[in-house]
Amino acid sequence: MESASRSWGRALGDLTGGWDQRELWGHLGWQDIKQRYRRSVLGPLWITISMAVTAIALGILYAGLFDNDLATQLPYILVGFIVWAFISGCILEGSEVFIANEGLMKHLPAPLSVHVYRLVWRQTLLFLHNMIVYLVMLVVFPQHLHWTVVAVVPAFGLLAANGAWVAILLGIVTTRFRDLAPITQSVVQLMFFLTPIVWIYDQLLNSPNPAVAERARLAEFNPFLHFVEIVRRPLLGQDQLLRQWVIVLGITVVGWAVTLVVLRKYRSRVSYWV
Amino acid sequence: MSVSSSQPIGITTKDACVDFPIFDAKSRSLKKTVMGLVGGNIASESKVPIIEALRDISLQLDHGARVGLVGHNGAGKSTLLRLLAGIYEPTRGTAEIRGRVAPVFDLGVGMDPEISGLENIMIRGLFLGMTRKEMEKRVDDIADFTELGDFLRMPLRTYSTGMRVRLALGVVTSIDPEILLLDEGIGAVDAAFLEKSKKRLSELVDRAGLLVFASHSDEFLRELCDTAIWMEHGQIRQQGELEDVLRAYKGHP
């Protein structure tokens with residue numbers, strides 16, 4: 001039975017209708033950031049500071065463990081961390097985006113996407129705060145940047161586009177099946193270790209020990225590797241790999257296609273499930 | 001006042017039903033669903049109990065309608081308001097809502113205790129579908145109405161309950177809604193203030209293209225509405241002139 005609630009038009013209308021309310025979620029996204037650090041003296045600057053502290057501490061630790069130059073290890077960890085903070089933020093908060101907004105959803109007839117745009121916007125603001133640490137790092141450890149650094153803009157755009165579909169998809173599924181939220185959290189934590197963020201991918205690939213190199217190559221199957229790399233490579237002045245862009249674009253297209261199908265079918269059910 | 005679509009505002013529902021699936025901890029988990037599929041015991045296991053909150057609601061509300069909603073607790077008044085707001089899309093039947101909806105079900109929703117009264121005015125307005133500019137024009141008027149003065153610069157958590165209600169009422173009554181859906185709970189204010197808010201409330205209703213108002217107070221209903229719907233067990237028991245419906249409802253044990 002085909003019902004009016006389950007049409008492509010309504011699904012797309014949810015996405016565009018939410019976009020039209022950007023004054024609302026734009027305001028709320030800022031509010032979320034300010035809210036977290038209200039009554040503290042430094043305010044949102046704490047985002048920047050805690051990222052700096054983490055990156056410096058881990059940079060020193062892993063430079064020692066892997067016997068790397070700090071000037072190589074620290075920038076690598078820092079940029080990796082900044083990108084990972086965005087990715088994991090979108091996934092973790094996405095897995096409870098509708099559950100957390102239950103009150104609003106039952107009182108206001110807003111498109112589902114409003115909550116998702118607010119989430120991605122909030123994560124984008126966090127990302128920008130963290131980029132301040134990157135700029136400071138450029139002064140301490142100058143990188144050989146080329147004009148290709150502008151690639152970071154479309155790369156981040158792709159990251160945000162993927163964050164949006166992941167949050168919609170996970171949000172819908174976890175609202176129906178509440179067990180999936182804790183599973184998601186464990187998986188994200190695991191993926192942090194499987195993704196080259198603290199360990200330097202290229203070094204392990206070229207390891208003199210063939211067993212290690214063999215293992216490292218498996219990371220290619222980790223989709224997060226490609227998302228981290230398309231942002232990290234331009235920021236560290238490394239050559240970009242077409243393969244990684246193609247994979248990310250492919251995931252974006254497939255992800256949105258699946259999300260649209262799910263959105264079409266279950267959009268109108270979410271307010272019944274929360 | 002801006003009308004978003006060329007169509008005249010209104011709400012049309014036809015045989016609309018709202019069925020809530022009640023997932024207990026077992027049926028909400030993926031494990032049960034997967035195991036159920038594998039085990040083959042689907043029919044009895046996968047059946048989720050359903051509460052029929054609304055049944056066969058057919059309504060035609062047009063521009064200018066002032067509809068009161070009466071019924072006992074649990075009769076489906078709030079659910080009907082949510083159906084009319086578009087929060088619940090009917091599980092069977094259809095509902096078509098033409099116009100911008102301003103739902104006022106809970107005065108406190110979207111209010112943030114940590115930010116100032118002034119900032120809360122802005123956020124609450126945005127939630128009600130106003131733009132930032134429209135709200136900036138109204139802030140002074142709302143501040144006057146609430147009589148909160150310098151307190152508006154203090155965080156909301158320092159307010160008493162009565163002060164919060166004033167603030168919320170000030171914002172709600174300042175907007176220009178096309179479709180206004182009011183759910184009771186507009187009490188808890190001192191008498192002098194209530195008199196003042198009544199005037200604003202009726203002005204708000206005059207501005208609104210369409211009003212649906214759920215209340216237990218005959219006095220309020222008579223003031224704001226001319227027709228009424230009597231809800232019982234999730235169905236429309238009676239629809240017609242306000243006095244007729246009220247008489248039937250009151251006469252009913």
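Chain letters run A, B, ... following the sequence lines, proteins first, then strands; residues in each count from 1.
Here Phe23(B) contributes atom CZ and Thr175(A) contributes atom OG1; the two are 10.5 Å apart, rounded to the nearest 0.5 Å.
No option in Thr131(B), Leu126(B), Leu128(B), Ile123(B) other than Leu126(B) meets the side-chain contact (heavy atoms from CB on, under 4.5 Å) test with Leu24(A).
Ranked by heavy-atom pairs under 4.5 Å with chain A, the list Ile97(B), Ile115(B), Val101(B) is led by Ile115(B). Between chain B and the options Val114(A), Leu108(A), Leu104(A), the largest number of non-hydrogen pairs under 4.5 Å is found for Leu108(A). Between chain A and the options Phe105(B), Phe127(B), Phe20(B), the largest number of non-hydrogen pairs under 4.5 Å is found for Phe127(B).
In this structure, the portion of Asp19(B) lying under 4.5 Å from any heavy atom of chain A is its backbone and not its side chain. In this structure, the portion of Lys34(A) lying under 4.5 Å from any heavy atom of chain B is its side chain and not its backbone. Proximity to chain A is absent for every atom of Ser78(B), based on heavy atoms less than 4.5 angstrom apart. Of the atoms belonging to Gln31(A), it is side-chain heavy atoms, and not backbone ones, that fall under 4.5 Å from chain B.
Counted within 6.0 Å of CZ on Arg215(A), heavy atoms from surrounding residues, nucleotides or ligands total 12 or fewer; the atom is thus considered open. More than 12 heavy atoms of other shown residues, nucleotides or ligands fall within 6.0 angstrom of atom CZ in Phe81(A). By the 6.0 Å contact criterion, CH2 on Trp19(A) is open, its count of non-hydrogen atoms from other residues, nucleotides or ligands being 12 or less. Other residues, nucleotides and ligands contribute more than 12 heavy atoms inside 6.0 Å of the CZ atom of Phe156(A). Shown here is Gln189(A), whose CD atom has no more than 12 heavy atoms of other residues, nucleotides or ligands within 6.0 Å. Within 6.0 Å of CH2 on Trp256(A) lie more than 12 heavy atoms contributed by other residues, nucleotides or ligands. For His216(B), the NE2 atom counts as densely surrounded, since its 6.0 Å shell holds more than 12 non-hydrogen atoms of other residues, nucleotides or ligands. Heavy-atom contacts from other residues, nucleotides or ligands closer than 6.0 Å to CG of Asp150(B) number 12 or fewer.
Minimum interatomic distance between Pro103(B) and Pro109(A) (heavy atoms only, all atoms of both residues): CG-CD, 3.3 Å.
Under the 3.5 Å distance criterion, the side-chain polar atoms of Tyr272(A) are matched with a main-chain donor or acceptor of Glu89(B). The closest donor-acceptor contact from the side chain of Glu23(A) to the backbone of Arg132(B) lies under 3.5 Å.
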